[in-house]
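Here is the structure we will look at, set down as structure tokens.
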Amino acid sequence: HVQLVESGGGLVQSGGSLRLSCAASGNIFMIYAMGWYRQAPGKQRELVATITNGGDPNYNDSMKGRFTISRDNAKNTISLQMNSLKPEDTAVYYCNAEAGGGYDFWGQGTQVTVSS
């Protein structure tokens, strides 16, 4: 059982930046990777980025290098630095943890709104 708590969402102007954070608690030793997904109204949830326990990142190429995922193992957190934000980045961003035994855990989601 893993709990994920997200923070950092909000309203930002086009071209601005936001940094999202996700703190994991509970049976954190189950986790082998964490990541960020997003879902905009009327669209499917899509991968933003993932990072393994060893720190290896994978990105959705459509993010065009604007986003950076990182982790702080001492704090059991991951972060998503989002730069050069565009209105099309507006979505609910969800933290995800992939755990042993075939289980996924999700945060509550945090709203990111980019105005033009």
Sequence neighbours left out, what passes side-chain contact (heavy atoms from CB on, under 4.5 Å) with [X]? Give chain and number order.
X	result
Q3	H1, S25
A23	T77
S84	R66

Original post:
Are L18 and Y94 grouped together when hydrophobic residues (ILVMFWY) are joined by side-chain heavy atoms under 4.5 angstrom apart?
Top reply: no
With sequence neighbours excluded, residues passing side chain to side chain donor-acceptor pair (under 3.5 Å) with [X]:
X	value
N53	R71
R19	Q81
S62	N60

Mind checking whether V48 and M63 have side chains closer than 4.5 Å, heavy atoms only?
-> yes
Here the disulfide (SG to SG under 2.5 Å) pairs for residues 27-76, sequence neighbours left out, are none
Residue pairs meeting disulfide (SG to SG under 2.5 Å), one or both in residues 59-116, sequence neighbours left out, come to C22-C95
I would like to know whether L20 and E6 meet side chain to side chain contact (heavy atoms under 4.5 Å, CB included); could you show each step before the answer? CA-CA 7 Å; L20 307 181; E6 303 165 2; over 6 Å; no
For residues 29-42, dump all side-chain donor-acceptor pairs below 3.5 Å to protein atoms at least two apart in sequence or in another chain.
from: R38; atom 1: NE; to: E46; atom 2: OE2; distance (Å): 2.7
from: R38; atom 1: NH1; to: D89; atom 2: OD1; distance (Å): 2.9
from: R38; atom 1: NH1; to: Y93; atom 2: OH; distance (Å): 2.9
from: R38; atom 1: NH2; to: E46; atom 2: OE2; distance (Å): 3.1
from: Q39; atom 1: NE2; to: K43; atom 2: O; distance (Å): 3.2

Handout entry: Summary of side-chain hydrogen bond (donor to acceptor under 3.5 Å, both in side chains) pairs that have at least one residue in residues 104-114, sequence neighbours excluded
Key =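 Residue pairs passing side-chain hydrogen bond (donor to acceptor under 3.5 Å, both in side chains), neighbours aside: Q111-T113.
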Identify all side-chain donor-acceptor contacts of residues 7-17 below 3.5 Å with residues at least two apart in sequence or on another chain.
from: Q13; atom 1: OE1; to: S115; atom 2: OG; distance (Å): 3.4
from: S17; atom 1: OG; to: N83; atom 2: OD1; distance (Å): 2.9

